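Each remark here refers to the structure printed beneath this line.
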Amino acid sequence: MAKIKIDGREIDVAPEASLLQACEAAGAEVPRFCFHERLSVAGNCRMCLVEVKGGPPKPQASCAMSVKDLRPGPNGEPPEVFTTTPMVKRAREGVMEFLLINHPLDCPICDQGGECDLQDQSMAYGVDASRFSENKRAVEDKYIGPLVKTVMTRCIQCTRCVRFTAEVAGVGDLGLISRGEDVEITTYLETAMTSELQGNVVDLCPVGALTSLPYEFKARPWELTKTESIDVMDALGSNIRVDSRGREVLRILPRLNEDVNEEWISDKTRHVVDGLKVQRLDRPYVRTAGKLKPATWPEALGVVAARIKAAPKKTAILVGDFATAEELFAIKTLATNLGIADVDARADGSVIDPAWGAAAYRFNATVAGIESADALLIVGSDPRLEAPVLNARIRKRWRKGGFPIGVIGDEADLTYAYNYLGAGPDSLARLASGENGFLEVLKGAKRPLILVGNAVTTRPDGAAILGTVAKLAVDVGAVGPDWNGFSVLHTAASRVAALDLGVVPGEGGRSTAAILAAAEKGEIDTLILFGADEIDTSRLGSTFVVYVGTHGDKGASVASVILPGAAYTEKSGTFVNTEGRVQVADRAVFPVGDAREDWAILRALSALVGATLPFDSLTELRAALHAAHPTFAGVDETAPGRHEDVVALAGLAGAADHAAFVSPIGDFYLTNPMTRASKVLARCSQLRSSRLAAAAE
Amino acid sequence: MSVRRLAAPEVQPASFAFSPDNESWAATVIAKFPAGKQASAVIPFLMRAQEQEGWVSKAAIEWVAQRLGMKLIRVLEVATFYTQFQLAPVGSVAHIQVCGTTPCMLRGSDEIIKICKNRIAHHAHELSADGKFSWEEVECLGACVNAPMIAVGADTFEDLTAETFTAVLDAYGRGETPKSGPQNGRIGGEAEGGATTLLDPGLDDGSFRVNILTSSDATPTNG
């Protein structure tokens, strides 16, 4: 640690810390535009100037100078830095004046207004009038994709967006072309950006040059109600802030959580907003004479209750990817009380059995733990599509070096270099037998990370393969009390909670595949789809389908009764992410129309079928959940799984089919009913497929 | 300086590739850099592409990016940053770079530029009517003692007047290669009208030479 005096206050900081970080640590605020903690230092905005005692007689850019660069005083006193002297103030005012020379005075029509770094900092360092009498510079706006609107005259060339796309997103789409006064931010010949994280450049832009196109001219920041929530588009559980006005969600922004998403979110998370408003199921429907007719809640619930009461043993429940832990608990309780054994929350056909223990299906290494791993094997996963923000974390670790990565599965562009080891279980067997050198790499690593994706767990022979992977993990020393590198990456936000709660077939019950097969043969009277759309609905035949959900999508189209539920922004609920982190989302807006929160629907239904659930409010439900499963009370905590479970899982290793692993995510932008309702994401998907088609030529 | 963009699509060639000679040169350039750092060769590559084609086309930028494993935008950044890269077609015979920096301006570069405007094209970077010539004003070309001067590719023409510059243009126009160097007869940077100092022939014939090894001043000392 090095001593340094900031504005007369002596503090201890790491010697490699920048002066700017030292000033922050000492509580002195330093204005900045180009500096960003998660990006490389550019030092080109010059707003963070400070005065260094004994240094050169000029202001120093504090972001680009580290504490160890400073020399102590003549008698060994710690170096001194000032942030409030007249020299600093004048220097920053000078920088601000230069920045404002070419910056348009269009704050009233700028979407960044009210949350603009330049606006805020000009309050402190701006002068009241311009001394510049020449023409201002004007820059042509650029097309850089359907998500980011550009007003390039406002750009102050901080290059945060360029560094983000190159370093974090790993695509190298944006660049700074030309030189001097003529520099311009653009993509190559104005093609669309290709990253799944491109929306983050909007948050990074300190001015209004890059703003959100779907949110264009929608609202001012001070009109919005901000609600802390959790994303459900993937199993990472990114922390988000839902900005709403009245009953409408207007935008979704990331929240800082170093352990989960840092401060990034994927474009799907950010731009699903318009999908939350259209195609909504806003009232109950009952199918009469082949046509869905609007109904009242008592009518619709009465029809469903009659069906269930008539034959509870021939009722099956499939739960989709967005159910909260409270809902899962209620479903489980209801099913148990009614004796319904055909319950499954693994609607994608996953073979994971909760009986294996939590460590067998969690991302045991934890998301933050990726940064301390020193080798990575990816089996049957495309993390760039299955969890883009987690993929950015892998890339972050990879950029530090000394991180060999092997991939078995799709040979996709993951934004980092890797050894491609093969496509299927045979390649896994070859790896385990040491045929290619990667086994030695994993054995040589202190903290090897084995990432298993849904392409493994959703196969019929998934258990055998998962066992083989667990065996490999144990063999290379990835599984132990200090480090458990066996990590399962899920794609469904509700999956880990469902497995923790055991929402799987009960005694003699059927799993998803068997339920579908039985439905096809007409052995199931009533199938309740609880937000489960990603199933082959053509196999349901003449089964009486009850769809509880939010959007008129695949499930609703085959339903005989539709019970409208609440989207994830419209209810409070607990989610458990892929690493087992318990997180609570708050309600931002009320459900649309007559839609109700899903737990209330279950409660009402339970009373009608004569198995009343023992809670009358969400608080009571949550208390019951916490009583039955105490880990769910530990918000923002991960209860580590037992590494012995992974060792036991290795016992399942067995012969597997030769077919290659296929990622379950075909189209990243259209993976669920909410995204399929979104125009913005449809446009993204269209661009992506035309780009892939062009690349294939 | 102005905003630098790629030339209009209609003048862009469909493809680009190094000639066999340049291809073998390229291998030696890449070999200069450590493995994985071949992107460092981007400037020599673009310059060689420009020497081959006369200018840097979109196809050349994309070829260089592909060859060096770089993102397209990274090569575009380099190509647009350095004004030495011509992003639009230049005269097939000669692209005249007129120095307009202070010494040349004081010695009459305005006159040279005026001739360029009249004989070649009104604006810099525009082709002449016959497509043979183009011109631009550049910063210091580094021979201020011989101001004013122009550069045509690797050749420079110094000590220009309106007449001698016109003669250079005429020679190019006839398909000749005019003699480069000062156009007023002097050699290199020596004084106009002949040398005025260092005239003693002894400077050249060796009679002033002192053998430093035998001179007493130069005796090496021990310790």
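Every chain is numbered from 1, with letters handed out A, B, ... down the list of sequences. Heavy atoms only: backbone and side chains are in, while hydrogens, waters and symmetry mates are out. This structure is a prediction, so every number in the text was calculated from the model and none was measured.
Put simply, of B:T80, B:L76, B:V75, the one with the most heavy-atom pairs under 4.5 Å next to chain A is B:T80. By number of non-hydrogen pairs under 4.5 angstrom with chain B, the leading residue of A:V183, A:V139, A:V162, A:L174 is A:L174.
Applying the 6.0 Å contact sphere to NZ of A:K136 captures more than 12 heavy atoms from other residues, nucleotides or ligands. Atom CZ of A:R131 has 12 or fewer heavy atoms from other residues, nucleotides or ligands within 6.0 Å. Within a 6.0 Å radius of NZ in B:K58, other residues, nucleotides and ligands contribute 12 heavy atoms or fewer. Other residues, nucleotides and ligands contribute more than 12 heavy atoms inside 6.0 Å of the CD atom of B:E190. Within 6.0 Å of CZ in A:R163 there are more than 12 heavy atoms belonging to other residues, nucleotides or ligands. In B:F33, the CZ atom is crowded: over 12 heavy atoms of neighbouring residues, nucleotides or ligands sit closer than 6.0 Å. When the shell of 6.0 Å around OH of A:Y143 is examined, it contains more than 12 heavy atoms from other residues, nucleotides or ligands.
Counting only heavy atoms from C-beta outward, the side chains of B:E62 and A:Y188 approach each other to under 4.5 Å. Here the side chains of A:L189 and B:L6 are in contact, with some heavy-atom distance below 4.5 Å.
A:G172 and B:R74 make their closest contact through CA-NH1, 3.9 Å (heavy atoms, listed as atom of the first residue, atom of the second, distance). For B:F81 against A:R179, the heavy-atom pair with the smallest separation is O-CD, 2.7 Å.
Within the 3.5 Å criterion, the main-chain N or O of A:I177 finds no donor-acceptor partner in the side chain of B:E77.
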Report the C-alpha distance between A:E184 and B:R5 in whole Å, list the side-chain angles of each, state the deciding distance to 0.1 Å, and finish with yes or no for side-chain contact (heavy atoms from CB on, under 4.5 Å). CA-CA 10 Å; A:E184 297 182 339; B:R5 297 274 166 80; 2.6 Å; yes
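For A:T187, the part sitting under 4.5 Å from any heavy atom of chain B is the backbone (N, CA, C, O) and nothing else.
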